[in-house]
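Have a look at the structure below before the remarks.
Order of the sequence lines fixes the chain letters, A, B, ..., with proteins taken first and strands second; residue numbering starts at 1 for each chain. Treat the numbers as computed from the prediction; the structure is a model and nothing was measured.
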Number of protein chains: 2
Amino acid sequence: MATIYDVARRAEVSPATVSRVVNGHANVDPTLAERVRRAMRELEYRPNAVARNLRRSRTTLWAVIISDIGNPFFTSLVRGVEDVAQRAGFSVVLCNTDEDPTKESQYLDAALTEQMAGVIISPSGRANHVNRLVDARVPVVVIDRQVSGAHVDTVLVDNEHGASLATTHLIESGYERIACITGPEGVFTAMRRLRGYRRALEDHDREYDPDLVRHGDFRSDGGYRAMASLLALRPRPDAIFAGNNLMTVGAVECLVDSRIEVPAEMGVVGFDDVPWAHLVRPSLTTVAQPTYELGREAAQLLTQRIATPDRPPTVITLETKLQIRDSSLPRSQP
Amino acid sequence: MATIYDVARRAEVSPATVSRVVNGHANVDPTLAERVRRAMRELEYRPNAVARNLRRSRTTLWAVIISDIGNPFFTSLVRGVEDVAQRAGFSVVLCNTDEDPTKESQYLDAALTEQMAGVIISPSGRANHVNRLVDARVPVVVIDRQVSGAHVDTVLVDNEHGASLATTHLIESGYERIACITGPEGVFTAMRRLRGYRRALEDHDREYDPDLVRHGDFRSDGGYRAMASLLALRPRPDAIFAGNNLMTVGAVECLVDSRIEVPAEMGVVGFDDVPWAHLVRPSLTTVAQPTYELGREAAQLLTQRIATPDRPPTVITLETKLQIRDSSLPRSQP
DNA sequence: CTGAAAGCGCTAACAA
DNA sequence: TTGTTAGCGCTTTCAG
């Protein structure tokens, strides 16, 4: 690999001049600049970002740390991040933790030791992970899940409100025994969505019954198992609110396998849109999240945090929207 | 951020000794080592990977460059890569090109300038991109799509054979006018799958009719549009072979919207499994690819390439398997 | 077994 | 406008 010295020698200038041409910083005599550019071309010179990063003590890479690369929620979000990052001159790399705190910790280490310019993270676990970044003064934005006790920019959706909308919709459509499949205990979004479900019930003078609640793993399998367990109840629930997209899919798979008709025998509303929802019969009522915008907002916060590290942290909450489709058609009266 | 000098001073040793403790390279007196470790803890010392990388002129990051992060094919593949990488002490970062050569080029630049330890790429475009890596002696493995004229490790599936199996299956199930939706012109997998389709037809003394072929974009929308265009034909096709998972989804969506019964009015076979295939009615016959293994094999080749840069390139071809489900049920005789 | 010192490739004062 | 030079933080000879 040619270095900046090789180029300098060939162009008969100093390394500093080459650096100036490469970075377009200072004014360089056009003749020299041209000579430098030619030398670069001839030597196929490519700046060594590692050396540059060391010298400048900053990099141009953002890490986006997410918990499930297989969930379209995150892939859409990542696109939002990418589009903003690119315009601001950063490259985005993705790190997939599979909801595993060990993996998350490893990627945090990588982000720290590699001196990444910034991190956008949907934290799987406790606050201390995020605080490691904050303490090390790495610009960081938390996305999707609030971290209590971390003083950090955050982008959320109105989980509780969305869940409440969904549940209210089921109530008003005439469903009587509405169950809930929420996410893992201790995960922020899972707790908020459960709270919204509960609030809606209580607002309509329904009893909140913990027996009708299951905790899944935010993946399809968990939704399937939770649904199966709910189906064993007597009396059986006649509707369910599922706390994320993949668990909705799993729950519906279970209903299909059990030959239970949706919505005739079981109303279904899910949180977050299901990919290829059109293909699923019947079409699914969901609480739609602005996933792409979530990514955009996070990326914008991150650029601002990088520009002004000492600004006070912001929390942005985006709105969800209830998309009524066929899986929650009004209950025909007996 | 504490540096190695800070630690050395506190532990009253030389930076070299700290380095030895950190890397466990040479033998260090246990007393000193303990002093160093304590100093590290007290200062929350974290080695600066940028400086280390510069000094060692190698890094510990792999880039996986893929064309569509929204396609489960790639997400499963990435998991295969991650599992191997982690064991070998590398971190994996993902780069999404959205099939855009400009983005691809940018990520290649990033991989080069950041001196990444290795690259696994599913190239969207021409050979020259990959050759930039090979020429720069960056360890690289090409995955999913062969690059003609690049002397490089490659992991593929038997696209032609799989496509031929799928088409033969439709023929033997009694379908008469079998159309094909393949991928973008010039994309390796698209060409091979089209060739398999054609070969199967000709092997069964059917005429290959270019009017029955459409080129989609490997995404759902493209599949939808291609299907719509095929439906305008008179006589209409009575079966289709779709060249990847998302286009299969799009094609089926189009059929649903057009109220065309599958398989009664249109047999469907897709290449690559569709996520949540259970939910799609009827269940879809597909050519299943070993996506996770694809990633594993690629990662293994990459570790070998890094260990022995001058070994001759290998091409590995994994087998696909026809998964027969309901969307291609034997045609009932008229 | 330990320390001194050179240098990875680049940038940014500072001087000329 | 250009060049000289001193590091960024780390590893790794080479002496001791």
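- The pair B:Asp68-A:Arg79 meets the salt-bridge criterion, since a charged nitrogen lies less than 4.0 angstrom from a carboxylate oxygen.
- Salt-bridge formation is not detected for the pair B:Arg132/B:Asp135: no Lys NZ or Arg NE/NH1/NH2 atom is positioned less than 4.0 Å from an Asp or Glu carboxylate oxygen.
- Within 3.5 Å, a donor on the side chain of B:Arg20 pairs with an acceptor on the base of C:dG3, or the reverse.
- Candidate nucleotides C:dA12, D:dT11, C:dA13 were compared by shortest atom distance to the side chain of A:His25, and C:dA12 ranks first.
- Nearest to the side chain of A:Ser19, among C:dT11, D:dC10, D:dT12, sits C:dT11.
- Between A:Tyr5 and the phosphate of D:dG3, there is no side-chain N or O to OP1/OP2 separation shorter than 4.0 Å.
- For the pair B:Tyr45 OH and D:dT11 C1', the computed distance is 10 Å after rounding to whole Å.
- Atom CZ in A:Arg56 sits roughly 17 Å away from atom P in C:dG9 (whole-Å rounding).
- Residue B:Glu12 contributes atom CD, which lies 13 Å from atom P of C:dA4 at whole-angstrom precision.
- Across the protein-nucleic acid pair, A:Leu54 atom CG and D:dG7 atom P stand 14 Å apart, rounded to whole Å.
- Ion pairing of B:Arg219 with B:Glu99 is absent here, as no side-chain N (NZ or NE/NH1/NH2) approaches a carboxylate O to less than 4.0 Å.
- Going from atom CG of B:Asp6 over to atom C1' of D:dC8 covers 13 Å, rounded to whole Å.
- When heavy atoms are screened at a 4.0 angstrom cut-off, B:Val50 is found touching no nucleic acid atom at all.
- For the pair A:Glu297 and A:Gln300, the minimum side-chain heavy-atom distance is below 4.5 Å.
- Between B:Thr3 and D:dG9 there is no side-chain polar atom (N or O) within less than 4.0 angstrom of OP1 or OP2.
- Residue contacts shown for A:Val13 are limited to sugar-phosphate atoms, with no base heavy atom under 4.0 Å away.
- Atom P of nucleotide C:dG7 and atom CD1 of A:Ile4 are separated by 19 Å, given to the nearest angstrom.
- Comparing atom distances between the B:Pro47 side chain and each of D:dC10, C:dG9, C:dT11 picks out D:dC10 as nearest.
- Salt bridge present: B:Glu42 and B:Arg38 bring a charged side-chain N and a carboxylate O closer than 4.0 Å.
- Taking 4.5 Å as the limit, every side-chain heavy atom of B:Thr291 sits out of range of all side-chain heavy atoms of B:Val157.
- We find that CZ of A:Arg46 is positioned 12 Å from P of C:dC10, with the value rounded to whole Å.
- Using a 4.0 Å cut-off, no side-chain N or O of A:Ser14 falls inside it from OP1 or OP2 of D:dT2.
- Residue B:Asn27 contributes atom CG, which lies 4 Å from atom P of C:dC1 at whole-angstrom precision.
- Heavy-atom distances to DNA chain C give each of B:Pro15 and B:Ser57 a nearest nucleotide, and the one nearer the 5′ end belongs to B:Pro15.
- Within 4.0 Å (heavy atoms only), A:Val28 reaches sugar-phosphate atoms of the nucleic acid but no base atom.
- Donor-acceptor pairing under 3.5 Å is recorded for the side chains of A:Asp83 and A:Tyr292.
- Distances shown here put a side-chain N or O of A:Thr17 below 4.0 Å from the OP1 or OP2 atom of D:dG3.
- Helix-axis bend for the helix from C:dC1-D:dG16 to C:dA16-D:dT1: the local axis fitted to the five terminal pairs at one end deviates from that at the other end by 40°, rounded to 10°.
- Annotation: of the two residues near DNA chain C, B:Leu32 and A:Asn23, the 5′-most nearest-nucleotide partner is B:Leu32.
- With 3.5 Å as the limit, one finds a donor-acceptor pair spanning the side chains of B:Arg311 and B:Gln304.
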